[in-house]
Asker: 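I'd like to ask you about the structure that follows.
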2 protein chains.
Amino acid sequence: MQTIEELLESKNIRVTAMRLLIYKFLAEKQIAVTLSDIENAFEKADRTTLYRTVKTFEEKDIVHQIDDGTGITKYALCEKGCNCELETDLHLHFHCNNCNETVCLTEHKIPQIKVPDGFVSENVNLVVKGICDKCSGQ
Amino acid sequence: MQTIEELLESKNIRVTAMRLLIYKFLAEKQIAVTLSDIENAFEKADRTTLYRTVKTFEEKDIVHQIDDGTGITKYALCEKGCNCELETDLHLHFHCNNCNETVCLTEHKIPQIKVPDGFVSENVNLVVKGICDKCSGQ
DNA sequence: CAGTAATTGCACTTCCATTGCATTGATTTT
DNA sequence: AAAATCAATGCAATGGAAGTGCAATTACTG
Ligand SMILES: [Mn+2]
Ligand SMILES: [Mn+2]
Ligand SMILES: [Zn+2]
Ligand SMILES: [Zn+2]
């Protein structure tokens, strides 16, 4: 079990107070978060810093970006050992039309999608919309 | 075979010169277009008019909106008899990482996606990214 | 033709994402 | 330890796309 410090260092990210705080924030959230969510959680910090921190995490494959169709980019921590860039690794995302929350369904890999001749599939984005478990009352 | 005028009227959309032009523009394009694309094609017309025309078409199920992950909304004409609002009718979209064009693969319906217990699927957005037939050289 | 209703154009706004630059802070070198 | 160097942070500003209020114009109705 490695500490957050060790994880960041292993990815060549300098350890700073801000980065540790943001990492912990993302880690304890079970849902994908927007930049505004992070802003609200760290009101003393500057938006730009939060933005660049998340972008750094994203670049180093610590978080992945989620486009759930709301028009607002969301972010979530990658699974341990996740290779976001490889198609085989991609899980699907669920966006709740009721509570507006988006979750990673990391257990649910995206099925193989057939494309017509001449097309080369490199990557798939799959978002299911509906009612989440908390909102469906079950 | 019905004319464009008849189609618009059948959807309770008043026929105007602008609407006919935009419809024809969308019809002859084989790819999904952004509002900017339309703007560039009709420089004399006002952005707002183009915007509201497309929104009218969308509302009346003449065009459907496509979120291909580029962050810019795209639009494409619906197929004849397409019921965009029904999940069963949904086709997948392909976005080319090379030429940045997005096409409807209307023949390729989205497979049934399983979601965990408690989750209710109402809608699915599936975008495949890669290299399109024109760019793959075959 | 007059009256009414919808469409169009212009101006303005909002929201999110992104960048330039100065400042602060941390790390390395002498 | 001080100086030099490089990265991280904060502040201000920008850009792009989406959306709205209202007045002017155009199309439809009787
Ligand atoms: Mn995810
Ligand atoms: Mn389509
Ligand atoms: Zn919910
Ligand atoms: Zn292409």
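Note that this is a predicted model, so its numbers are computed, not measured. Within every chain, numbering begins at 1; the chains are lettered A, B, ... in the order of the sequence lines, protein sequences first and strands thereafter. Basis for what follows: all heavy atoms, side chains included, without hydrogens, waters or symmetry-related copies.
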Asker: Classify the side chain of A:Arg52 versus the base of D:dG10 as yes if they form a donor-acceptor pair under 3.5 Å and no if they do not.
Answerer: yes
Asker: Select one nucleotide: of C:dT18, C:dC10, C:dC16, the one nearest the side-chain heavy atoms of A:Lys55.
Answerer: C:dT18
Asker: Rounded to the nearest angstrom, tell me the gap between atom CG in A:Leu21 and atom C1' in D:dA8.
Answerer: 15 Å
Asker: Hey, does the side chain of B:Thr49 come within less than 4.0 Å of C:dG9's phosphate (OP1/OP2), counting only N and O?
Answerer: yes
Asker: Between A:Asp68 and A:Lys74, does at least one N-O distance fall below 4.0 Å, as a salt bridge requires?
Answerer: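 Counted as a salt bridge, because a side-chain N and a carboxylate O are separated by less than 4.0 Å.
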Asker: Take A:His93 and A:His64 through the ring-ring contact (aromatic ring centres under 6.0 Å, His included) test and state the conclusion after the steps.
Answerer: CA-CA 12 Å; A:His93 294 115; A:His64 62 282; 5.4 Å; yes
Asker: When you measure from the side-chain N and O atoms of A:Thr16 to the phosphate of D:dA7, is any distance below 4.0 Å, counting only OP1 and OP2?
Answerer: no
Asker: Hey, is the side chain of B:Tyr51 poking within less than 4.0 Å of OP1 or OP2 on D:dA18, counting only N and O atoms?
Answerer: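 B:Tyr51 to D:dA18 OP1/OP2: no side-chain N or O under 4.0 Å.
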Asker: Are A:Arg14 and A:Glu9 close enough for a salt bridge, meaning some N to O gap below 4.0 Å?
Answerer: no
Asker: Calculate the interatomic distance between A:Arg14 atom CZ and C:dT28 atom C1'; express it in whole Å.
Answerer: 10 Å
Asker: With sugar-phosphate meaning primed atoms plus P, OP1 and OP2, does B:Arg19 contact a base, only sugar-phosphate, or nothing at under 4.0 Å between heavy atoms?
Answerer: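 Touches sugar-phosphate only.
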Asker: Mapping B:Lys74 and B:Val15 onto DNA chain D by nearest heavy atom, which one lands closer to the 5' end?
Answerer: B:Lys74
Asker: Once you round it to whole Å, what is the distance between P of D:dG19 and CG of B:Asp46?
Answerer: 16 Å
Asker: Among B:Lys24, B:Met18, B:Arg19, find the residue that satisfies the side-chain contact (heavy atoms from CB on, under 4.5 Å) test when tested with B:Ile22.
Answerer: B:Met18
Asker: How far apart are the C-alpha atoms of A:Gln65 and A:Val54, what are their side-chain angles, what is the distance that settles it, and do they pass the side-chain contact (heavy atoms from CB on, under 4.5 Å) test?
Answerer: CA-CA 9 Å; A:Gln65 192 174 333; A:Val54 173; over 6 Å; no
Asker: Confirm from the modelled atom types if A:Thr73 and C:dC16 form a donor-acceptor pair under 3.5 Å, side chain to base only.
Answerer: no
Asker: Quick check: on DNA chain C, is the nucleotide nearest B:Met18 upstream (toward 5') of the one nearest B:Arg47, or the reverse? Name the residue that is more 5'.
Answerer: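 Looking at DNA chain C, the more 5' nearest nucleotide goes with B:Met18.
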Asker: Spell out yes or no: do the side chain of B:Thr48 and the base of C:dC10 have one donor N/O and one acceptor N/O closer than 3.5 Å?
Answerer: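 Per atom types, the contact qualifies.
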Asker: In whole angstroms, how far is the P atom of C:dT19 from the CG atom of A:Leu35?
Answerer: 14 Å
Asker: Could you tell me how far apart B:Phe42 (CZ) and C:dG9 (C1') are, to the nearest whole angstrom?
Answerer: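 My rounded result for the distance is 17 Å.
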Asker: Measure the distance from CG on B:Asn12 to P on D:dC28 and round it to the nearest whole Å.
Answerer: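 Going from CG in B:Asn12 over to P in D:dC28 covers 14 Å.
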Asker: Distance check needed: D:dT9 P versus A:Glu43 CD, whole Å only.
Answerer: 19 Å
Asker: Just how far, in rounded Å, is P of C:dT18 from CD of A:Glu39?
Answerer: 14 Å
